[in-house]
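See structure below.
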Amino acid sequence: MTIEELISAARDGSMRAVGRLLSLVESDRRAEVLAHLEPAAPRVIGVTGPPGAGKSTTVGAMVGAYRARGLRVAVLAVDPSSPYSGGALLGDRIRMAAHINDPDVLIRSVATRGHLGGLAAAVPAAIRLLAALSYDVIVLETVGVGQSEIEIAAIADPTVVILNPGAGDAVQAAKAGLLEVADLVVVNKADRDGADQTVRDLRAETSAPVLKLVAAQGEGLTELIQAIDAHHRADTAQRRQARARSQILSLAQTLLSNHTELDRLAAAVADGSSDAYTAAEQLFAGSVR
């Protein structure tokens with residue numbers, strides 16, 4: 001099928017066509033797909049946090065809440081790339097299995113494939129594609145392993161950071177810089193001992209709203225969805241432009257890091273025949289020719 005035929009089939013409800021298009025935007029044919037899409041302003045919600053915090057359970061609950069409103073939902077779960085195959089390591093999203101047969105829910109794992117930040121280089125294109133295919137809400141879940149996950153803030157609005165009571169999550173999140181980009185902080189598994197203290201600790205560390213949630217039982221889910229909606233309504237053109245700027249710079253950094261001249265310039269700096277400032281200028285000049 002041609003790209004035009006795939007897009008038509010996807011709009012007619014073919015999940016196979018949607019999957020094929022997503023595979024294309026992860027490949028070197030990305031530009032071909034984007035050229036056939038109309039401009040769109042997707043609604044993207046980012047969910048990140050340390051492993052074990054309950055991100056997938058939370059996302060599954062959020063999907064249920066949006067489906068109850070009649071909205072079409074796509075979930076992009078960004079996973080670390082396999083060093084052997086380059087594919088996504090965490091492709092099996094068992095906690096979202098309740099939505100697997102819903103034709104208005106798409107769940108897709110995307111491998112980072114060497115992108116410098118925590119997000120796959122194909123994610124912005126995938127989001128644009130899904131918006132063009134009339135998905136109302138796109139949830140972007142990252143594996144939450146540290147500083148690289150901050151890149152989610154360049155794409156999502158809001159960015160929701162999921163933490164657990166105790167276990168030093170609040171301190172570790174602050175050290176990792178996650179709280180700096182958190183628009184909303186959620187203490188999941190809030191029925192556990194220490195939840196109230198964790199909430200107090202977090203409120204001392206961040207100006208972002210701090211909510212309690214028991215995702216597995218849906219407790220606090222209504223408040224979370226309301227907070228997400230309120231933050232989205234408060235979005236501005238200036239904030240959208242700032243996110244776009246960060247997104248462009250991140251992708252440009254990846255392109256520069258893969259430039260064929262980088263190794264030659266690095267060798268010249270290492271042996272003292274050049275300096276890092278000159279090499280940076282030469283690398284940039286070569287990339288824009």
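In what follows, every heavy atom counts, from backbone to side chain, and hydrogens, waters and symmetry copies are set aside. Numbers here simply count residues along the sequence, with the first being 1. Here the structure is a predicted model, which means the values were calculated and not measured.
Taking 4.5 Å as the limit, every side-chain heavy atom of Pro165 sits out of range of all side-chain heavy atoms of Asp193. Within the 4.5 Å cutoff, the side chain of Met62 has heavy atoms near those of the Val47 side chain. Between Leu179 and Leu202 there is a side-chain heavy-atom pair separated by less than 4.5 Å. For the pair Thr58/Val186, no side-chain contact is recorded, criterion being any heavy-atom separation below 4.5 Å from C-beta on.
Residue Arg16 places its CZ atom among 12 or fewer non-hydrogen atoms of other residues, nucleotides or ligands, all under 6.0 Å distant. Heavy-atom contacts from other residues, nucleotides or ligands closer than 6.0 Å to CD of Glu5 number more than 12. Residue Arg245 places its CZ atom among 12 or fewer non-hydrogen atoms of other residues, nucleotides or ligands, all under 6.0 Å distant.
The two residues Ala156 and Gly46 make their nearest non-hydrogen contact at CB-N, 3.2 Å. Minimum interatomic distance between Leu106 and Tyr135 (heavy atoms only, all atoms of both residues): CB-OH, 3.7 Å. Minimum interatomic distance between Val185 and Ala182 (heavy atoms only, all atoms of both residues): CG2-CB, 3.8 Å. Of all heavy-atom pairs between Ser23 and Arg108, the closest is OG-NH2, 3.1 Å. The two atoms that bring Glu141 and Val59 nearest to each other are OE1-CG2, 4.1 Å, heavy atoms only. Between His231 and Pro158 the shortest heavy-atom distance is ND1-CB, 3.5 Å.
Residue pairs that meet the salt bridge (Lys or Arg N to Asp or Glu O under 4.0 Å) test with at least one member in residues 269-285, sequence neighbours left out, do not exist here.
Under the 4.5 Å side-chain contact rule for hydrophobic residues, Ile162 and Val214 do not share a cluster. No continuous path of ILVMFWY side-chain contacts below 4.5 Å connects Ile155 to Ile248, so the two sit in separate hydrophobic clusters. Linking ILVMFWY side-chain heavy atoms closer than 4.5 Å, directly or via other members, places Val269 and Leu262 in two distinct hydrophobic clusters.
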Could you pull out all donor-acceptor pairs under 3.5 Å where a side-chain atom in residues 216-224 meets a protein atom, sequence neighbours excluded?
none

All N/O donor-acceptor pairs, side-chain side in residues 126-133, below 3.5 Å, sequence neighbours left out:
| residue | atom | partner | partner atom | Å |
| --- | --- | --- | --- | --- |
| Arg128 | NH2 | Leu37 | O | 3.4 |

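Partners of Asp183 according to the salt bridge (charged side-chain N to carboxylate O under 4.0 Å, His left out) rule, which considers only residues two or more places apart in sequence or in another chain, do not exist here. With sequence neighbours left out, Thr260 forms a side-chain contact (heavy atoms from CB on, under 4.5 Å) with no residue at all. Qualifying side-chain contact (heavy atoms from CB on, under 4.5 Å) partners for Ser27, counting only residues two or more places apart in sequence or in other chains: Leu24, Arg29. Contacts of Arg239 classified as salt bridge (charged side-chain N to carboxylate O under 4.0 Å, His left out), with partners at least two apart in sequence or in another chain: Asp157, Asp235. Taking Arg264 as the reference, Glu261 meet the salt bridge (charged side-chain N to carboxylate O under 4.0 Å, His left out) condition, with sequence neighbours excluded. With sequence neighbours left out, Lys212 forms a side-chain contact (heavy atoms from CB on, under 4.5 Å) with Ala190, Asp196, Val199. Under the side-chain contact (heavy atoms from CB on, under 4.5 Å) criterion, Arg69 pairs with Tyr66, Leu71, Ile225, Asp229, not counting sequence neighbours. For the side-chain hydrogen bond (donor to acceptor under 3.5 Å, both in side chains) test, no residue two or more places apart in sequence or in another chain qualifies with Ser134. The side-chain hydrogen bond (donor to acceptor under 3.5 Å, both in side chains) test applied to His36 returns Glu4, not counting sequence neighbours.
Between the CG atom in Asp201 and the OG1 atom in Thr206 there is a gap of 13.0 Å [rounded to 0.5 Å]. Taking CZ of Arg20 as the start and CD1 of Ile3 as the end, the distance is 9.0 Å to the nearest 0.5 Å. Distance check, rounded to the nearest 0.5 Å: CG of Leu163 to OG1 of Thr48 gives 9.5 Å. The structure places CG of Asn188 at 10.0 Å from NZ of Lys55, a figure rounded to the nearest 0.5 Å. Distance check, rounded to the nearest 0.5 Å: OG of Ser14 to CD1 of Ile7 gives 12.5 Å.
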Go through Thr57 and Lys189 one step at a time and tell me if the side-chain contact (heavy atoms from CB on, under 4.5 Å) criterion holds.
CA-CA 11 Å; Thr57 303; Lys189 306 175 186 177; over 6 Å; no
Tell me, with the steps shown, if Val44 and Leu76 meet side-chain contact (heavy atoms from CB on, under 4.5 Å).
CA-CA 10 Å; Val44 184; Leu76 294 177; over 6 Å; no
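The backbone N or O of Val73 lies less than 3.5 Å from no partner atom in the side chain of Arg67, so there is not a single donor-acceptor pair.
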